[in-house]
Protein chains: 2
Amino acid sequence: MNSKKIKTTTPEARKKIILNFLKDNESVTVQEIVNDCNASEITIRRDLAELEEKGLLIRTHGGAIRNTAAENLFTFNSKMNQNKENKEYICKIASRFIEDNDIIFIDCGSTLSFLSKFISKKESLTVITNSLPIISELINFSNIKLIIIGGEVVNERKAVYGHSAERTIGQYHANKAFIGADGISLAKGLTSYDEKEASITLKMAENADEVFLLCDSTKIEKNSFVTFAPYSILNCVITDNDLDLKYISKYQKNNVSLIHE
Amino acid sequence: MNSKKIKTTTPEARKKIILNFLKDNESVTVQEIVNDCNASEITIRRDLAELEEKGLLIRTHGGAIRNTAAENLFTFNSKMNQNKENKEYICKIASRFIEDNDIIFIDCGSTLSFLSKFISKKESLTVITNSLPIISELINFSNIKLIIIGGEVVNERKAVYGHSAERTIGQYHANKAFIGADGISLAKGLTSYDEKEASITLKMAENADEVFLLCDSTKIEKNSFVTFAPYSILNCVITDNDLDLKYISKYQKNNVSLIHE
DNA sequence: TCACTTACGAACAAATTTAATCATTAATTT
DNA sequence: AAATTAATGATTAAATTTGTTCGTAAGTGA
C-alpha cells in the first residue's frame, strides 16, 4: 500500500476559492491565496490570469480586486439576498395565480427572479421574459416553453433592454404579467429608478390580460424617480406580511387587491 | 494474500457518497473519493464521468466541483470537448478577421462558441447572436455591445430559434457574419442537419457584408440533410490543418478562399 | 533621480492526472 | 454450468498542471 499524499484542491476548486473570497472582500493578495490553497505563487498567478481573462476579476500588483460588474454570471448578488425570505414569500403567493397552459410575462428584477423556483412544477406553461436569471433557471424544464425578448444585454441587470426589446414585446400577448417596480402609490401610480426598465415593464403590462405587481411592503405608498404607469393597469399587488393593513381597504376602493398572505 | 477482500461499495453507493460529499463541500478530489470508497482511481474517474454526463457535478483536473445551476447551464458539455483543439484553432484564425468597431453576427454551435475567447480583447465590438453560451461568455466585457436575438429558447442547443428570431435578424445589419454548417460542398453548397438552425444561419449570412464559415475539415465536401444556401454566399471558409490541400485551388476557382493556417 | 525591494512571467523540468487498452473478476442470463 | 455482460483494475503513453530558476519590470523610499 503506497500512501499517497492527498491533495485537497484542484485547479477549478482554487479558482472557486478565489472568487468566493472576492465576494466577501474587495481585494485579495497572492500570498493570502497561497496560504489558503497550499499552492505556489506562480500557480496562483496563473489562476488569476485565467480568471481575469474571463472577466471575473481584475489583477493588481500583488493580487487582484473584485470586478464589480462580474460577480456571478446570472444571479444578482448582494441585492438578491437582501430580504430573501420576503421575496420568496411573495413569489410563492404569486405562483398560486399561475395555471397550467398560461402564457405569462415575467419582468426582470431580484424579486421576480425567485418566481422561477415555484413555477417549474406546472404542467405546461409559456414564459416570456427579458431576464437572464429566469432563462437560466427555466431552460432545463421541458414543460415550459421559454421565450426570450431580444435586444441589448445589460450586464448590471442581467437582462435585455432597448427599443428593439420593447418593440418585440408588442408581438406577444400573455394571460398574465408578473412585474416589478421600485414604488407604488395611489397618487403617482407605478414608479421606477430606471427609465429603460420602466419601459419594458409597461410594455409587458400593456400586453397582458391580468397584471400582478410583485413588490415588498416597503415599496407600498412610496414613490421613485420615473412615473411610468397609473395604478389602474394593475389587477393585483402581491406583497409580504409586513404590510401595513390600513392600505388594503384603501387599495380595494380603487379596484386594486393587495395580497399579503 | 490470503485474506479475502471485502467489498464495501457498489457503483451506486459510491456515487451517492460523491454527491453527498459535494453537498457539504465546494469541491472534491479523486484521491479523497478513492480513500472513502476503497476503489481505484480509474473507477472513480468513470463514476465522475457518468455523474457529469447527468449534469450532477462538473469534472475538473484532479476531481470535481459542485454543479450550481447557473455556472454551467449555458455551456455545452460533451459535444463541446470533442475536437476542442481544432475548434479553438479555427476560431483563433477567425478572430484575425475581426477588427475594432466591427458589428458581427455569431451563429450558435459548439465550434463558434470558442470564438468568444478570442474576441473579448478587441477594443470595441458589437456582437449579435442567438447563442446563450456566447452571451454568457461575453456579458462581463464592457467593451462589447451584446445583442441577443429574441425568440424561443431551445435547451438542447442552448440557443434561440423560431420565426420571431429569424424576423429579428432582419432588423440588424452587420459587417461580418461568422456562421457554422454541418457540411459544405461546391455541388450542394451549405447543408445542415437541422432546419431551424439552417434558417437562422442563412438569415445571418444574408444580413452581413462578409460571411465566414467556420467548420472543421471533416465537413469540407460533405453534404448533410438540409441544403440551405449556395456556397456563393460565402467569402471565406476557415477550417483546420487536417484539410486536404487539393480543395484550396478548387474553391479558389469558385471565389471562395479556404483558410487553414 | 537612484538604489532597493518585491512582484512578475518565460522557459524548462518535474510531478500529477488522464484516457486508452487490455486482462481480470463479478454478476446475470441462458 | 456455460455463456454473456458489466464492472473493475493494472499498465502505459499522453496531456495537463505545477514548481524552480532567473532575468525583467514595477513599485517604494530616500
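Reminder, nothing fancy here: chain letters follow the sequence lines and each chain counts from 1.
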Less than 4.0 angstrom from a charged side-chain N to a carboxylate O is my criterion; do [X] and [Y] meet it?
| X | Y | answer |
| --- | --- | --- |
| A:Asp100 | A:Lys122 | no |
| B:Arg157 | B:Glu197 | yes |
| A:Arg66 | A:Glu26 | yes |
| A:Arg45 | A:Glu41 | yes |
| B:Arg59 | A:Glu12 | no |

Notebook entry, point to check: Any idea which of C:dG9, C:dT17, D:dG19 is nearest the A:Arg59 side chain?
Noted result: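 When the side chain of A:Arg59 is considered, C:dG9 is the closest of C:dG9, C:dT17, D:dG19.
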
Item checked: Candidates C:dT18, D:dG19, D:dT8 - which lies nearest the side chain of B:Thr43 -> D:dT8

Separation of atom [atom1] in [X] from atom [atom2] in [N], rounded to whole Å:
| X | N | atom1 | atom2 | value |
| --- | --- | --- | --- | --- |
| A:His61 | C:dT5 | NE2 | P | 18 Å |
| B:Asp47 | C:dA19 | CG | P | 13 Å |
| B:Glu41 | C:dT18 | CD | P | 8 Å |
| B:Ile44 | C:dA19 | CD1 | C1' | 16 Å |
| A:Ile42 | C:dA14 | CD1 | C1' | 15 Å |
| A:Glu12 | C:dT17 | CD | P | 15 Å |
| A:Gln31 | C:dC8 | CD | C1' | 13 Å |
| A:Arg45 | C:dG9 | CZ | P | 7 Å |

Notebook entry, point to check: Any side-chain N or O of A:Arg14 less than 4.0 Å from the OP1 or OP2 oxygen of D:dT18?
Noted result: yes

Margin query: Classify A:Thr29 by what it touches in the nucleic acid, base, sugar-phosphate, or nothing, heavy-atom distance under 4.0 Å.
Written below: nothing

Next item on the list: Name the nucleic acid region contacted by A:Thr10, choosing base, sugar-phosphate or nothing; use a 4.0 angstrom heavy-atom cut-off, strictly under.
Entry: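 Answer is nothing: A:Thr10 stays at 4.0 Å or more from every strand.
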
Next item on the list: For A:Arg46 and for B:Arg46, find the nucleotide of DNA chain D with the closest heavy atom, then tell me which residue's nucleotide is more 5'.
Entry: B:Arg46

